[in-house]
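Only one structure is covered here, and it is reproduced in the block below.
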Amino acid sequence: MLSLREIQPQKNEVYLDNNATTPVLPQAIEAATHTMQLCYGNPSSSHITGIKAKYILETTRDLVRQVIGAQSGQVMFTSGATEGIQTAIISSLIAAKSKVNSVKKPILLYGATEHKAVPESLKHWNEMLNIGAEVIAIPVDERGILDMDFIAKHVPNALMICTMIANNETGVYQDISLLEKTIRQHNSDVFWMVDCVQALGKIALTISETTIDYAPFSGHKLYAPKGIGILYVRDTAPFTPFIAGGGQESGLRSGTENLPGIAALQAVLTLLNDKDDSTFKSSAQLANYREQLTQTLCEAFPEIVFNHDFSCSLPTTINFSVKGLTSKDIMDLFDAAHIRVSAGSACSSKVTGSFVLDAMGKPKWQSESAIRMSFGPATTQEEITTACTAIKQAVKALQSSCLILSDTADNSNLGVDGLQQWMYDNGCTWCYVDQRTKECFVIDLAPELVGKFETLVACQGYQVVAALSTHQHIANEEHVNMIQALLHTSNTTCDALGWPKNAELISLENDLTVEAIKVGDKVLARVAMPGHTQNSVAYLLGSPSNQKLLAKDIAFAFTGDNIQISGLGRCDHQDGDASALYQSLQFINQVIMPDTLLCPAHDYLQLFNTTLELEKQSHELLSQALDGELTEQAFIAEITARDKQLPTSDFNQHCGVVTAFSNVIEVVHPNELVSFIEHHPNTVVVDVREPHEFDAYPDDVIAGKKMVNIPLSQITQFVQQHKSEQSNHTYVCICRSGKRSEAAAKTLQRNHFENIFHVPGGFALLNGN
Ligand code: PLP
C-alpha cells in the first residue's frame, strides 16, 4: 500500500473541476490546523478550552449569517449539503404528513436539473415516511430555466418544492424572485427548499428577505475542506432533527461539531467578506476568465458546441460537447495532459447521457459527449493562462492522432497500421488500415463512431474499400444509408450488409469458393455464418496465396455475434436459428486455425479477442459440438433451453451469453515500479492508453526506461503480430487508473504471453510524473 505521503498531485496539474470540489485555500488550511493543534476543545465543554472552541463556533455562525444574509432563522452546521437536504426534506415531510389527507393528490416537486441528492432523497423519505405523494420533476426549457407555468399549475397540490439557485453541471441560474412570486402566489405555505451549493461565493444572497424555508450549503464547494456544511432554516419552517443525541447546535443537530472544518469555513468567509482582499474575484473578472477559456476551446475544437446559454449561467462553469469526440475521448486526453475536467455524463463503458442536458432537450450526442470545465471564484489569472496553454498543447495530440482535423498538425506519421477496436456501449467497431496503400475497411461501425471514422479517413486520406456489418440488426436501414454515404455508393453497388457487388472469388481451406475483396496485400473474404440471425456473416482477413486463403494465413476472423468472448450468440431472435449456428460453427472450425484471432461484435468482458481454442476451453458446449461429442439435436436443445432463461430486455445479454472470465494478473504497485524495473532489466513498460493520451504529456520515461505505447484499441493487432514470438521480456502494463492496464494484461496473458504485470492505480498513483 502507498503511504499517504506518497499520494501527490501530478506535476503541473491544472484543476478545472471546481464544481465537484475546490482545493482548500491556504488560509483555510492554516485555520483548521490551528484549531486542531491549539483550539481543540469541545464547544460543549464549560472549561476555558471549551469556551474558546465555542467562540470559534459562534463567530463563524455570525459570519455565515452575514454572508448569506440570514439575520433571522436558524443557521446550523452540518456535514455537507447532502445532510442539509435530508434534514430539510425530513422536516418538511414530517410536518406535511398531517396535511396529506387534506390535499387531493399530494405531490412533491423538484426541478428536473436538481442535483441527484434532491430527487433521490425526496423519493427515499416519501417512501420511508409513508407519505404516498407523487414525486414530480418540474420541466426546464432549453436554457435550463424552470417552467413557471408548470409550477403555477402544480404547486397548489405540493407538500414541498425543491429548486436550486445555480446548476452544478451547467452553472445555469434561476430567477429566484420570479420563482418565489410564482410559488407563493399559488401556495403560500408550501415548504420550499433552495439548494444554494453552487451559488455561495458567486451570487450575493439575502436569504432571510425571501420566503425560502430551507437552504443547504457545502463548504467543500468554496475552498473549505469536505465534511462541513450549513443549513439555513427559516423561523416559521418546521424542523425535525435528522441526528439526535447530545443536543448540540441547540438541539437541531447532535454530534460534536466539526470545529476544524468550521474554522476553515470562517477563514474562507472572512476573505470573501473582505472588500480589500483580492482572493475572490469580481464577476467581471470571472467572466473574463470564461472568455479566455472559451476562446481557447473554440480555437482548439472548431466543432465545439456550448451546452448552455452564458447569459443565464455563472461565469465559472463551461459545459461543452465536440462533434465526433466522446466525453471519454476528451476526458482521457485532458487527464493525460494533467488537466482535470469532468464528463457531463458518467464515464463508463456504458454510455449514458447527462440527465441535466437531457432535461434541457439537448440532442443525444451533445448530452452523451458533454464535458464540464469549472473554475472557482478564487481562481487566478495565472491558473487560467496555464490552463489555456495546456489545452492548446493537449489538442495538438488529438490532431496528430487524427481524432480531430487540422490544417497544421503533422499526422503523416500516424502509428496505426493494422487492426483497431473501438468500443461503444460494449459494441465493437473494427477498423483495419493498410498504411502502405492507405486502404481501409470498417466492420460493425457504431453510428456514434461514424464521425470518428470519417475524421480518420479524411485526416489520412484513406480509401474506404468497405464498410461492413456482420448481421442485420446491426445493419438497420439508417445504418445501411450511413454506410453507403461513407462509401459514396448506393444499394446498387453493395448489399444490405455493405458487401460490394464487384467482389472477386477465392477458395478457402476446405475448397469452398467465396467472395473476397482486396485490402493492401491482404484479402477480406466473406463467409455465410447464419445462427444468431439468418443473414449473419463472418469476414476473414488474411494473406492469400494462389487464389487461396488457407487457415494458417488468416490473421483475423470477424465473427459478429455468433462466437463471442466466453460465449455463443443467442438464437432466439426473430430469425435466429440454433441448427444453423451448429452448422456455422462446424464450418468455421474447418476454415480457420484453433488459434486464429476471433474479433466479435460485442466485448462484454473487455477481453478484445478470442480463439476457438480458448472458447473450447471455457465453453463445454462449444468444445463438445466441435469435437463431435454432441449431436446437432442435443446442441439445439441446449441452446434453446439456455436462450429461454435469458431476459429479452437486458442489453448486456442482448446478443449473446457470456460467462465471467477471471485470470489472476500479477501486479507491480506504483511505489514499487522503479525498483521492479531496476531488478528486471528486461522490463518493457507498456502504456496502454490511446496515442493521443500518450502524446499529451511528455512523460514517457520511468526509471530511465522509455515507455512503449501499445494502445488498448490496438491490442488485438499486437497479439496477432507477436503471439508466435519467443520473448524474454517482462511486460508491465500501465494506464491512467489501472483499469485498462488490467484489461490489457488479462488479454495478453489469456493469449499465452508470459511475464505479464500491471500497475493498479496507474499514473494516478505513480509519483513524480
Ligand atoms: N447540491 C449541489 C448543486 C451540488 O453540486 C452538490 C455536490 O456536488 C450537492 C448538492 C451535494 O453536496 P455535498 O457534497 O456537500 O453533500
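Owing to the predicted nature of the structure, the values given are computational and were not obtained by experimental measurement. In each ligand, atom 1 is the first atom listed, and ligand 1 is the first ligand listed.
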Any donor-acceptor pair under 3.5 Å linking the side-chain atoms of [Y] with those of [X]?
X	Y	value
Thr317	Asn19	yes
Asn167	Gln198	no
Asn18	Thr316	no
Ser121	Gln86	yes

Proximal ligand 1 atoms for [X], defined as those under 4.0 Å from one of its heavy atoms:
X	value
Ser218	13 (P), 15 (O)
His220	13 (P), 14 (O), 15 (O)
Gly80	15 (O)

Of the backbone atoms (N, CA, C, O) and the side-chain heavy atoms from C-beta on, which set of [X] has a member under 4.0 Å from an atom of ligand 1: side chain, backbone, both, or neither?
X	result
Ala81	both
Lys221	side chain
Glu114	neither
Thr82	both
Met164	side chain

Discussion item. Salt bridge check, Glu368 against Lys328: does any charged N sit closer than 4.0 Å to a carboxylate O?
Written reply: no
Which protein non-hydrogen atom lies closest to [atom], naming both residue and atom, and how far is it?
atom	result
atom 4 (C) of ligand 1	His115 CD2, 3.3 Å
atom 5 (O) of ligand 1	Gln198 NE2, 2.8 Å
atom 10 (C) of ligand 1	Asp195 OD2, 3.4 Å

Worksheet item: Can you check salt bridge (charged side-chain N to carboxylate O under 4.0 Å, His left out) on Arg340 and Asp17, steps first, answer last?
Response: CA-CA 6 Å; Arg340 310 289 173 245; Asp17 198 15; over 6 Å; no
Discussion item. Below 30° counts as parallel, above 60° as perpendicular, anything between as tilted: where do the rings of Phe242 and Trp125 land?
Written reply: perpendicular
Worksheet item: So is Arg253 actually on top of Phe77's ring, under 6.0 Å and inside 45° of the axis?
Response: no
